[in-house]
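As a basis for the values below, the full set of heavy atoms in this structure was taken, side chains included, without hydrogen atoms, waters or symmetry mates. Positions are given from 1, in the same order as the sequence printed here. Order of listing sets the numbers, starting from 1, for every ligand and every atom in it.
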Amino acid sequence: MVPFTYARPATLSEALRLGTGNPAARYIAGGTNLVDLMKVDVERPAQLIDISRLPLRSVEPSAGGGLRIGALVANSDLAYHPEIERRYPLVASAILAGASQQLRNMASTGGNLLQRTRCAYFYDTATPCNKREPGTGCSAIGGLNRGHAVLGTSESCIATHPSDLCVALAALAATVQVVGPTGERSIAFADFHRLPGETPERDTNLSAGEIVTAVTLPAEGFAAHHTYIKIRDRLSYAFALVSVAAALRMEGDTIAEARLALGGVAHRPWRVPEAERALKGKTATPQLFAQAADIALQGARGHGHNDFKIALARRAVVRALTQAERGTPQPQSLKKIL
Ligand SMILES: Cc1cc2nc3c(=O)[nH]c(=O)nc-3n(C[C@H](O)[C@H](O)[C@H](O)COP(=O)(O)OP(=O)(O)OC[C@H]3O[C@@H](n4cnc5c(N)ncnc54)[C@H](O)[C@@H]3O)c2cc1C
Ligand code: SF4
């Protein structure tokens with residue numbers, strides 16, 4: 001047992017005061033990832049700063065006609081929020097594809113962005129892992145890597161980001177609001193998570209002590225033409241082998257705007273602007289979707305056990321775009337039909 005102190009600040013400024021300048025402190029929200037990591041000795045905080053009582057639980061309209069989601073809004077509350085169901089069903093579908101109802105009740109929006117990889121070696125302190133202990137090596141390269149990344153990898157780390165919600169947020173071009181010792185700032189979702197490079201220990205571009213306060217969705221939610229497909233080993237309660245968030249704005253048969261992001265394939269949610277540009281202004285056809293999938297998987301490289309992900313992701317992209325274009329009902333909209 002590693003001793004730690006526990007504080008439950010009532011205000012953001014108090015939380016920041018406790019969290020700034022103390023590298024051994026950790027913020028805790030729902031605790032569904034952090035506590036697990038503490039149990040297996042991967043995280044050893046000297047102080048836990050419980051931010052779960054801070055006033056960051058509201059979902060409200062944002063200045064640009066979008067929606068501002070407080071960092072402590074629980075995943076389940078978000079998935080069933082009327083404005084999310086109506087305007088951003090892609091977000092609801094992605095959340096409901098993840099974890100279990102009990103976990104979603106505890107898991108927070110901010111915590112979901114900051115959850116760590118599910119690479120088994122990262123959780124196993126008996127094995128080398130550059131993310132857990134920089135400079136020790138990567139056990140997944142040349143090891144068991146069926147669930148690992150095929151895009152954006154480095155010689156240091158081939159881990160994936162495990163979130164479903166983040167894939168939808170990447171596709172929708174959300175913004176992350178943070179506050180830290182030097183004040184508030186907004187981070188475009190594309191700039192929030194990092195590729196491993198030579199510093200796989202850093203998952204995001206958050207600075208020390210910063211707290212995520214909200215995630216803002218832009219006005220366009222692509223409610224009429226969207227799909228979140230998650231392919232996994234079990235039908236539920238499993239992380240993605242591959243997932244795809246596809247969102248289209250259709251004008252007749254023409255794709256006026258396209259969004260495409262993949263999960264389970266890279267160290268961060270993998271949005272593909274080149275494929276989006278290739279789709280824009282074109283008539284939706286199977287050939288066009290196949291071309292977009294080729295673009296999305298350009299440069300993909302397997303590591304042995306996970307080679308299958310490249311073909312799987314390619315097919316998943318084609319299926320997601322096809323379903324999105326047809327307006328195929330998703331779990332949320334099905335709920336209304338049934
Ligand atoms: C068995 C299991 C299955 C799961 N399956 C899925 C799945 O299929 N898909 C999926 O997407 N997720 C899945 N999850 C992950 C789950 O969604 C995350 O654990 C959860 O979203 C984390 O939120 P939390 O509030 O519990 O974070 P915590 O565990 O409290 O915190 C996680 C990290 O975020 C930091 N943190 C939290 N909030 C803030 C903040 N506001 N500002 C700064 N730092 C912060 C903490 O310091 C910590 O480092 C699963 C989890 C488990 C245990
Ligand atoms: S893939 Fe990354 S997290 Fe997994 S063992 Fe290698 S360095 Fe560690």
Side-chain angles (χ1 to χ4, degrees), residues 12 15-16 19 25-38 42-43 45 48-52 54 56 70-76 78 94-100 102-124 127-145 147-149 153-169 176-180 196 200-201 203-204 206-215 230 232 234 236-240 243 263-264 267 269 303 306:
L12 206 46
L16 277 176
R26 291 286 179 277
Y27 298 120
I28 182 164
T32 60
N33 189 214
L34 182 59
V35 173
D36 280 358
L37 290 167
M38 289 169 68
V42 171
E43 285 280 7
L48 280 186
I49 304 165
D50 182 348
I51 58 171
S52 65
L54 298 183
L56 302 172
L72 290 170
V73 175
N75 287 180
S76 42
L78 188 60
I95 293 173
L96 294 177
S100 65
Q102 291 93 332
L103 281 160
R104 294 192 295 264
N105 288 344
M106 287 303 292
S108 66
T109 301
N112 193 292
L113 269 54
L114 291 160
Q115 61 176 297
R116 312 276 337 249
T117 183
R118 291 284 155 174
C119 171
Y121 299 109
F122 176 70
Y123 283 75
D124 178 359
T127 59
C129 169
N130 285 324
K131 186 181 279 297
R132 177 171 28 79
E133 206 175 330
T136 55
C138 172
S139 299
I141 298 175
L144 298 171
N145 52 40
H148 287 71
T153 56
S154 74
E155 294 305 309
S156 300
C157 179
I158 59 170
T160 58
H161 193 269
S163 167
D164 291 292
L165 169 61
C166 289
V167 184
L169 296 179
V176 185
Q177 266 70 54
V178 308
V179 64
E201 68 277 14
D203 293 344
T204 71
L206 266 194
S207 301
E210 280 186 322
I211 295 177
V212 173
T213 52
V215 171
K230 178 174 179 179
R232 46 192 154 172
R234 291 187 298 261
S236 72
Y237 202 37
F239 290 93
S243 69
H267 197 258
H303 297 270
N306 68 348

Note to self: Which residue and atom name correspond to the protein heavy atom nearest atom 5 (S) of ligand 2, and how close is it?
What the structure shows: Tyr121 CB, 3.5 Å
Note to self: I'd like to check Leu113 versus Leu169 (side-chain heavy atoms, cut-off strictly below 4.5 Å). Are they in contact?
What the structure shows: yes
Notebook entry, point to check: How does Cys119 reach ligand 2, if at all, at less than 4.0 Å between non-hydrogen atoms: by side chain, backbone, both, or neither?
Noted result: side chain
Notebook entry, point to check: Counting distance only, does the side-chain N/O of Thr160 pair as donor-acceptor with the main-chain N or O of His148 below 3.5 Å?
Noted result: no
Note to self: Quick one: does any side-chain atom of Ser243 pair with a main-chain N or O of Ala240 as donor and acceptor, under 3.5 Å?
What the structure shows: no
Note to self: Tell me the protein heavy atom at minimum distance from atom 15 (C) of ligand 1, and give that distance in Å.
What the structure shows: Gln115 OE1, 3.2 Å
Check: Between the side chain of Ser108 and the main-chain N/O of Ala29, is any donor-acceptor distance below 3.5 Å?
Finding: no
Notebook entry, point to check: Just distances here: any N/O of Val212 and N/O of ligand 1 closer than 3.5 Å?
Noted result: yes
Item checked: Ile51 neighbourhood, listing ligand 1 atoms whose heavy-atom distance to it stays under 4.0 Å -> 38 (N), 39 (C), 40 (C), 41 (N)
Next item on the list: Could you list the atoms of ligand 1 found under 4.0 angstrom from a heavy atom of Leu34?
Entry: 29 (O)
Margin query: Has Lys131 got a side-chain atom pairing as donor or acceptor with Pro196's backbone, closer than 3.5 angstrom?
Written below: no
Note to self: Among all the protein's non-hydrogen atoms, which is closest to atom 17 (O) of ligand 1, and how far away is it?
What the structure shows: Asn112 ND2, 3.4 Å
Checklist line | Minimal non-hydrogen separation, Arg132 against Thr127, with atom names | finding: NH2-O, 2.6 Å
Margin query: Would the distance check show the side chain of Asn130 and the main-chain N or O of Ser156 forming a donor-acceptor pair, the cut-off being under 3.5 Å?
Written below: yes
Check: Looking at Ala238, which atoms of ligand 1 are within less than 4.0 Å of one of its heavy atoms?
Finding: 8 (O)
Next item on the list: Just need the protein heavy atom nearest to atom 36 (N) of ligand 1, so name the residue and atom and give the distance.
Entry: Leu114 CD1, 3.8 Å
Item checked: Shortest non-hydrogen separation from Val212 to Ala71 and the atoms involved -> O-CB, 3.1 Å
Next item on the list: Please state whether the separation between atom 8 (Fe) of ligand 2 and some N/O/S atom of Cys129 is under 2.8 Å?
Entry: yes
Item checked: Numbered atoms of ligand 2 (with element) below 4.0 Å of Ala159, judged on heavy atoms -> 1 (S), 2 (Fe), 3 (S)
Check: Are any of the N/O atoms in Ser108 less than 3.5 Å from those in ligand 1?
Finding: yes
Checklist line | Close side-chain approach of Leu54 to Ile51, heavy-atom, < 4.5 Å | finding: yes
Check: In terms of atom number and element, which parts of ligand 1 are under 4.0 angstrom from non-hydrogen atoms of Gly31?
Finding: 24 (P), 26 (O), 28 (P), 29 (O), 30 (O)
Notebook entry, point to check: Which protein heavy atom lies closest to atom 18 (C) of ligand 1, and at what distance to 0.1 Å?
Noted result: Thr32 OG1, 3.4 Å
Next item on the list: Distance to 0.1 Å, residue and atom name: give those for the protein heavy atom nearest to atom 2 (Fe) of ligand 2.
Entry: Cys157 SG, 2.4 Å
Check: Which pair of non-hydrogen atoms, one from Val215 and one from Gln177, has the smallest distance, and what is that distance?
Finding: C-OE1, 4.3 Å
Note to self: For a quick test of reading the model, state the closest non-hydrogen atom pair linking Ala238 to Arg232 and the distance between them.
What the structure shows: O-CD, 3.6 Å
Check: Any non-hydrogen atom of Ser139 lying under 4.0 Å from ligand 2?
Finding: yes
Margin query: Suppose I only count heavy atoms of Tyr237 and a 4.0 Å limit; which atoms of ligand 1 are within that range?
Written below: 1 (C)
Notebook entry, point to check: Do any nitrogen or oxygen atoms of Asn33 come within less than 3.5 Å of a nitrogen or oxygen of ligand 1?
Noted result: yes
Check: Which ligand 1 atoms, with their elements, are less than 4.0 angstrom from a heavy-atom of Lys230?
Finding: 7 (C), 8 (O)
Notebook entry, point to check: Who gets closest to atom 27 (O) of ligand 1 by heavy atom: Gly264, Gly111, Gly209, Gly110?
Noted result: Gly111
Check: With no hydrogens and no angle check, is any side-chain donor or acceptor of Ser139 less than 3.5 Å from a backbone partner on Pro128?
Finding: yes
Notebook entry, point to check: What part of Ser156 sits under 4.0 Å from ligand 2 if we count only heavy atoms: the side chain, the backbone, both or neither?
Noted result: backbone
Check: Which ligand 1 atoms are under 4.0 Å away from a heavy-atom of Asp36?
Finding: 53 (C)
Margin query: Within the 4.0 Å heavy-atom shell around Asn130, which atoms of ligand 2 are there?
Written below: 7 (S), 8 (Fe)
Notebook entry, point to check: Between the main-chain N or O of Glu210 and the side-chain N or O of Tyr27, is there a donor-acceptor pair closer than 3.5 Å?
Noted result: no
Check: Taking C-beta and beyond as the side chain, do Asp203 and Leu114 meet within less than 4.5 Å on heavy atoms?
Finding: no
Check: For Leu165, is at least one N or O under 3.5 Å away from an N or O on ligand 1?
Finding: no
Check: Hey, is the main chain of His303 close enough, under 3.5 Å, to the side chain of Asn145 for a donor-acceptor pair?
Finding: yes
Note to self: Using a plain distance cutoff, I'd like to know if Glu210 has any nitrogen or oxygen under 3.5 Å from a nitrogen or oxygen of ligand 1.
What the structure shows: no
Item checked: Geometric N/O contact Glu43 with ligand 1, under 3.5 angstrom -> no
Check: If you measure every N/O of Met106 against every N/O of ligand 1, is any gap under 3.5 Å?
Finding: no
Checklist line | Ala140 neighbourhood, listing ligand 2 atoms whose heavy-atom distance to it stays under 4.0 Å | finding: 1 (S), 5 (S)
Margin query: Using heavy atoms and a 4.0 Å limit, tell me yes or no: is Arg118 in contact with ligand 1?
Written below: yes
Item checked: Taking every non-hydrogen atom, the tightest pair across Arg116 and Leu37 -> CG-CD1, 3.5 Å
Next item on the list: List every atom of ligand 1 that sits less than 4.0 Å from any heavy atom of Gly98, numbering the atoms from 1 in the order shown and giving each element.
Entry: 7 (C), 8 (O), 9 (N)
Note to self: Counting non-hydrogen protein atoms only, what is the nearest one to atom 6 (Fe) of ligand 2? Give residue, atom name and distance.
What the structure shows: Cys138 SG, 2.3 Å
Check: Can you check whether Leu96 reaches Arg104 side chain to side chain, under 4.5 Å on heavy atoms?
Finding: yes
Next item on the list: Please name the pair of heavy atoms, one in Cys166 and one in Ser163, separated by the smallest distance, quoted to 0.1 Å.
Entry: N-OG, 2.9 Å
